[in-house]
Amino acid sequence: MAYSQLRAEAERLVNSAIERLKLQYVRQIISRTPSEELGELSSNASFMLSKALGRAPYEIAVEITNNMDRSSFDLIKSAEAHQTGYINFRIDWEKFLARALEAIFSDKKYGIPKARKIKVIVEHTSVNPNKALHIGHVRNVVIGDTVARIMKALGHDVQILNYIDDTGVQVADLVLGFLHLGYSRQAPAGKKLDHYYGDDVYVNVNRAYEKEPSLQEKRKEITRQLEEGYGEGAKIAEEIVHDVLVEQLKTCWRVGAEYDLLNYESQILRQRYWEEVFERLKNAGAVKLARGGKFDGCWVMEGGEEEEEKVLVRSDGTTVYAAKDIPYAAWKLGLVRDRFAYDIFTEQPSGKRLWMTAFDKGRDDHPNFGSADIAITVIGVEQTRLQNFVKKALEYLGKGEREYIHLAYEKVALSKKTARQLGIEGQREFVQMKGRTGIYINADDVFDMLYKKAKEETKRRNSEKDEQWVKQVAEAIALSAIRYEMLKQDIKKIIVFDMDEALNLEGDTGPYLMYSYARAVSVLRKANYTNMQPIKQYDLSDLDQKEKELILCMSRMEEELQNIIDTLAPDSLCRYAHELATSFNAFYERCPIINSEYRERRLMITEAFRRLLAENLDLLGIKAMDAI
RNA sequence: GGGCCCGUGGCCAAGCAUGGAUUAAGGCAUCAGCCUCCGGAGCUGAAGAUCGUGGGUUCAAAUCCCACCGGGCCCGCCA
């Protein structure tokens with residue numbers, strides 16, 4: 001809050017001077033200066049005016065600065081024109097510090113922007129229920145979970161969905177393996193069921209297709225059974241989907257994600273949502289029956305300017321993959337009436353119930369699912385074109401661009417080195433993961449290795465602590481490492497995953513944040529810091545540069561979060577949390593806290609930092625532990 | 001062929017929306033320092049950059065425009 005006040009004040013000072021000088025209004029940007037000698041904030045207004053007036057920026061800056069109403073300075077102490085043309089402002093630090101700390105301590109949710117409450121659906125994970133999550137899936141889970149956490153912090157009503165494609169060919173492949181190729185349904189001792197199904201059965205069934213193409217026919221028949229819900233195939237599928245989900249969820253929980261609802265594709269089909277939506281699309285003129293040409297007999301949707309039309313219903317009457325997404329999206333936004341029955345799938349570690357769309361009557365005491373104001377779906381960037389078709393179809397039904405958000409993320413690939421360690425030789429700089437061919441690294445394995453490393457480190461540093469404590473801490477550290485690693489990079493860029501780098505717990509990592517938090521807690525504990533007095537009673541003079549930087553950084557939280565919400569860019573959240581921690585560590589190194597004449601003030605700053613970092617860690621899904 | 005995205009030190013990467021202060025953040029790796037003092041998963045410093053290439057716009061370009069090069073993805077009556 002305090003930071004936006006600062007900016008607003010600087011902006012106002014410049015604008016009123018411009019008005020007084022009868023110059024034209026310009027859109028200025030208030031930004032931070034590159035170094036403290038220049039002050040803290042600067043305006044580029046004179047550059048903007050320079051072009052219009054045909055005069056040197058410096059001249060204009062001087063004029064503006066001379067015409068400021070100095071009596072209205074509040075948080076700003078001084079303004080001066082710099083040779084380059086910038087107008088630089090210095091902060092009245094005592095005032096600003098008092099104001100900033102008051103804001104932090106008076107607000108339990110400091111830095112969280114205020115928002116009108118809406119209902120938000122976030123769909124993520126949605127891994128085919130025939131295998132274990134690999135490290136690429138974790139990127140999806142963590143992005144989705146973090147977005148959901150941010151939405152919850154804003155006070156929105158958030159429902160987290162995991163879409164279960166239980167009728168697709170991937171499940172059919174497993175069914176075929178069990179029915180026709182003699183694979184056992186039991187995992188070998190010591191192997192997680194989802195690993196066994198994915199690593200062994202699924203991969204080998206796909207190899208078998210190459211040797212025996214006739215199996216394809218069998219797969220087709222099984223797929224039909226799954227879609228229509230009959231026969232032995234459907235029965236086995238229901239069981240294996242359940243069993244795999246149980247295992248997949250353990251992995252998701254381990255990285256800190258929980259859900260509200262598992263939404264089965266089979267139920268969407270059986271509730272005949274598509275039929276309803278299809279009728280409405282026909283009536284709206286969105287789809288038409290193609291006559292002649294290569295799409296003869298298909299129902300197609302117009303593609304737009306340079307886009308080819310898209311088949312939604314094949315000439316044999318079956319729907320394509322993309323068409324299955326439309327009714328689901330329509331349901332999310334309340335464009336079709338909710339007809340699902342719901343049942344409880346399980347209870348999650350936090351105690352929260354996990355619901356599923358039920359195969360039978362279900363129960364009545366379920367929450368109202370669907371009908372959200374906004375639906376955010378975390379899906380790979382490669383599906384952008386299809387998602388745009390979904391969006392387009394929704395527009396015909398009354399919603400679209402603004403309500404249906406495809407949060408597109410790039411893949412996780414394996415580094416050359418890590419691929420080689422797995423026995424995969426690639427010519428390229430990185431190797432794409434592929435479930436079908438067995439080229440991937442399982443999330444559980446990565447987590448286990450991180451856990452092992454974290455446990456060794458924790459043990460070494462805390463020899464007096466018991467095993468139980470060490471395990472708990474190591475688990476939290478592994479979680480922080482994996483989440484931060486998956487979040488810190490631009491969502492649009494491929495992450496080249498390297499096992500050795502991932503195992504590094506130093507530098508720009510999750511454990512660094514946890515360490516900084518524990519350090520602050522430790523200082524406060526050692527100082528016996530309990531409660532603060534009114535801020536007026538503190539000595540706020542002689543601030544060290546590092547104190548100033550930390551305070552300024554803390555005061556920026558709301559602005560940073562607003563930007564993160566507007567852009568749905570979790571990497572910015574990592575960067576801000578990291579900057580907070582870095583500022584604190586710099587302050588810690590330079591300024592004695594406990595044995596200082598400014599002890600009380602510095603403890604208060606430390607406590608403010610602790611609170612803010614805790615909030616940020618919470619958004620990131622990282623556990624703030626008092627000691628690690 | 002058409003469309004979208006990416007290209008910044010040895011490696012990873014921020015900045016690009018809204019062009020300016022510069023010496024282009026930060027991390028990994030390398031080298032040199034820092035625990036009589038609050039947690040060394042830390043801090044300080046050194047070294048390391050034609051911001052893919054070439055044009056253009058501008059007083060000013062990593063940032064805007066155009067072309068090209070390299071990499072990835074999408075363009076199925078597959079899912």
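Since the structure is predicted, the reported quantities are computational estimates derived from the model, not experimental observations. The chains referred to below are lettered A, B, ... by the order of the sequence lines, with proteins before strands, and numbering in each begins at 1.
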Is there a side-chain polar atom (N or O) of [X] under 4.0 Å from OP1 or OP2 of [N]?
X         : N      : value
Lys526(A) : G39(B) : yes
Lys294(A) : G76(B) : no
Lys324(A) : C78(B) : no
Lys492(A) : C6(B)  : yes

Do Ser522(A) and C38(B) have a side chain to base donor-acceptor pair shorter than 3.5 Å? no

Would you kindly check whether a donor in the side chain of Thr33(A) faces an acceptor in the base of A21(B), or vice versa, at under 3.5 angstrom? no

Mutual orientation of the aromatic rings belonging to Phe47(A) and Tyr86(A) [parallel < 30°, tilted 30-60°, perpendicular > 60°]: perpendicular

Can you measure [X] atom [atom1] to [N] atom [atom2] for me and round it to whole angstrom units?
X         : N      : atom1 : atom2 : value
Ile495(A) : C6(B)  : CD1   : P     : 15 Å
Phe47(A)  : A60(B) : CZ    : P     : 14 Å
Arg55(A)  : C59(B) : CZ    : P     : 18 Å
Phe295(A) : C77(B) : CZ    : P     : 5 Å
Met514(A) : G42(B) : CE    : P     : 14 Å
Arg385(A) : C78(B) : CZ    : P     : 17 Å

Between Ile494(A) and Val313(A), who's closer to the 5' end of RNA chain B by nearest nucleotide? Ile494(A)

Under 4.0 angstrom, heavy atoms only, what part of the nucleic acid is [X] near: base, sugar-phosphate, or nothing?
X         : result
Ala408(A) : nothing
Asp571(A) : nothing
Gln432(A) : sugar-phosphate
Thr606(A) : nothing
Asn88(A)  : base
Val311(A) : sugar-phosphate
Cys574(A) : nothing
Asp626(A) : base
Asn44(A)  : nothing
Leu524(A) : nothing
Gln383(A) : nothing
Ser42(A)  : base

Mind telling me whether C16(B) is syn or anti, cutoff 90° either side of 0? anti

Do the side chains of Glu80(A) and Arg90(A) get close enough for a salt bridge, i.e. N-O under 4.0 angstrom? yes

Salt-bridge test for Glu547(A) and Arg601(A): reply yes if a basic N is under 4.0 Å from a carboxylate O, no otherwise. yes

Carefully, step by step, assess Tyr202(A) and Tyr197(A) under the rule ring-ring contact (aromatic ring centres under 6.0 Å, His included). CA-CA 6 Å; Tyr202(A) 179 54; Tyr197(A) 280 8; over 10 Å; no

When you measure from the centre of the six-membered ring of [Y], is the NZ or CZ of [X] under 6.0 Å away and within 45° of the axis?
X         : Y         : value
Arg556(A) : Tyr576(A) : no
Arg602(A) : Tyr598(A) : no
Arg519(A) : Phe584(A) : no
Lys282(A) : Phe278(A) : yes

Residue [X], side-chain heavy atoms: nucleotide from [options] that is nearest:
X         : options                : result
Arg575(A) : C11(B), G15(B), G7(B)  : G15(B)
Asn563(A) : G26(B), A17(B), G39(B) : A17(B)
Tyr512(A) : G42(B), C38(B), C77(B) : G42(B)
Arg314(A) : U18(B), G72(B), C77(B) : C77(B)

Pair pattern of RNA chain B in dot-bracket, where unpaired bases get dots and | marks partners in another strand, Watson-Crick or G-U under 3.5 angstrom: (((((((..(((.......[.....))).(((((.......))))).....(((((..]....))))))))))))....

Applying the 5.5 Å / 30° rule, does Tyr86(A) stack onto the base of A21(B)? yes

Evaluate the side-chain proximity of Ile594(A) to Val523(A): yes if any heavy-atom separation is below 4.5 Å, no if none is. yes

